[in-house]
Amino acid sequence: MKFFVDTAELDEIKALLSSNLIDGVTTNPSLIAKSGKNIKDTISNICKIVKGPVSAEVTSTETEGMIEEGKVLYSIASNVIVKLPLTWNGLEACNRLSNEKIPTNVTLCFSAAQALLAAKAGATYVSPFIGRLDDSGIDGVELISQIRVIYDNYQDLDTKILAASIRNTNHVIQVSMLGADVATVPPKILKDLVKHPLTDIGLENFLSDWQKTGQKIN
Ligand code: G3P
C-alpha cells in the first residue's frame, strides 16, 4: 500500500522525507488555507521535493471552470494530480481531463455509488473520506470494502482507492487489510504508526543489559 501524507505544510513533508516512507502528498483547499501560503507556490515547492503524486484541488464548481483550473494546476509540475469534487460537474471535468491524459483524484467520496461513477469517469484515484463517515456515525472502513469489491468485479475499472480522512493508526491497518491502494495520512498519525510501548520497553531492557557488559561495537 502506498502512503501519501495529507498536508500542505512544506516543513512537515520535509521532516518525513528522510524516512523514505512517503509515496506522495494530498492537499485540499482547507489545508492550503491553513498553510497561509499561495496554492501555486505551495504545490510547486512540494513537487520540487516529492517525486510521487501531489494532489492539488480545484475550487470552481462549474465544469469549464474546473477544467481550466485543473490545467493551471497540472501545468505546475508533471506529478500534479488534479483533485475534483464528486459532483456531476466534477465527474464531467474528470472525464474530460482524463481524456486529455491529465491524472485526476475525485474527492469527497462518501458512497460506493459515487465511487462507481468516479471510476466510470476515468478517475486515476478516488478518495473515500472514512473519518468523516465515522464522525457521522457511519462505518467509514466498510465503504473501502464495498469499493474494493465493486472495482475488482470489473477489469475496465482501474481507478485506485485512496483512503482519506484517516483519523487513527487503526484506520491505516483496516484499509490496508481491505486492499486500499493508498492511504493519505496526517503527519502525526504516520509517526504514530511506529509507536508501541513493548518496543520501547524491550529496547530499554536490551540497552540496560548491554551496558552491563561494558562492551562497545566499534
Ligand atoms: O485531504 C483529504 C482528507 O484526508 C481530509 O481529511 O481530516 O479533513 O476529514 P479530514
Side-chain angles (χ1 to χ4, degrees), residues 1-13 16 21-40 42-43 45-47 50 52-61 66 69-70 73-74 76 79-87 90-91 93-94 103-112 114-115 118 123-145 147-148 159-176 178 180-193:
M1 186 175 79
K2 301 280 188 194
F3 280 157
F4 291 179
V5 60
D6 197 32
T7 182
E9 306 287 350
L10 206 59
D11 291 346
E12 287 183 333
I13 296 168
L16 287 166
L21 290 172
I22 306 303
D23 301 299
V25 174
T26 54
T27 69
N28 62 45
S30 300
L31 291 172
I32 295 287
K34 185 175 166 221
S35 77
K37 302 274 180 32
N38 169 280
I39 183 169
K40 289 176 70 174
T42 299
I43 299 300
N45 290 331
I46 293 173
C47 290
V50 175
V54 176
S55 287
E57 189 161 343
V58 301
T59 56
S60 172
T61 55
M66 288 179 190
E69 288 183 10
L73 293 171
Y74 187 60
I76 295 169
N79 55 323
V80 166
I81 308 292
V82 176
K83 227 176 178 183
L84 301 154
L86 220 157
T87 60
L91 291 172
C94 175
T104 54
N105 175 1
V106 175
T107 189
L108 289 167
C109 174
F110 294 97
S111 75
Q114 287 181 319
T124 311
Y125 298 96
V126 66
S127 290
F129 276 33
I130 66 174
R132 294 193 191 185
L133 282 169
D134 284 1
D135 295 347
S136 63
I138 297 168
D139 183 355
V141 169
E142 173 60 22
L143 176 56
I144 302 295
S145 176
I147 298 170
R148 183 74 282 158
T159 297
K160 294 190 184 320
I161 303 171
L162 197 170
S165 189
I166 299 279
R167 290 281 188 274
N168 52 60
T169 57
N170 201 33
H171 272 166
V172 177
I173 298 308
Q174 287 178 302
V175 301
S176 63
L178 290 168
D181 299 286
V182 186
T184 190
V185 189
K188 179 188 178 306
I189 294 171
L190 261 176
K191 290 178 196 154
D192 286 348
L193 286 168

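Residues take their numbers from the sequence shown, with the count starting at 1. Counting starts at 1 for both ligands and their atoms, in listed order.
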Pull out every atom of ligand 1 sitting under 4.0 Å from any heavy atom of Asn28, numbered as shown with elements. 1 (O), 2 (C), 5 (C)

Considering only the protein, which heavy-atom contact is closest to [atom], and what is its distance?
{"atom": "atom 2 (C) of ligand 1", "result": "Phe129 CZ, 3.4 Å"}
{"atom": "atom 6 (O) of ligand 1", "result": "Ser165 CA, 3.3 Å"}
{"atom": "atom 4 (O) of ligand 1", "result": "Asp6 OD2, 2.7 Å"}
{"atom": "atom 7 (O) of ligand 1", "result": "Arg167 NH1, 2.9 Å"}

Check this for me - ligand 1, Arg132, N or O atoms closer than 3.5 angstrom, yes or no? yes

When you check the gap from the basic side-chain N to the acidic O, do Asp6 and Lys188 get nearer than 4.0 Å?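 Between Lys188 and Asp6 there is no salt bridge, as every charged N stays at least 4.0 Å from the carboxylate O atoms.
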
Could you tell me whether Lys83 approaches ligand 1 through its side chain, its backbone, both or neither, with non-hydrogen atoms closer than 4.0 Å? side chain

Ignoring hydrogens and geometry beyond distance, is a side-chain donor-acceptor pair present between Glu69 and Ser60 at under 3.5 Å?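 Absent: no donor and acceptor within the cut-off.
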
So, Asn105 and Ser127: side-chain donor and acceptor under 3.5 Å apart, yes or no?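 Result is yes, a qualifying pair exists.
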
Looking at CZ of Phe3 and CG of Leu193, how far apart are the two atoms once the value is rounded to the nearest 0.5 Å?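 Taking CZ in Phe3 and CG in Leu193, the distance rounds to 5.5 Å.
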
Nearest 0.5 Å please: distance from the OG atom of Ser145 over to the CG atom of Asp139.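 If I round to the nearest 0.5 Å, the distance is 9.0 Å.
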
Donor-acceptor under 3.5 Å (Thr7 side chain, Glu9 main chain): yes

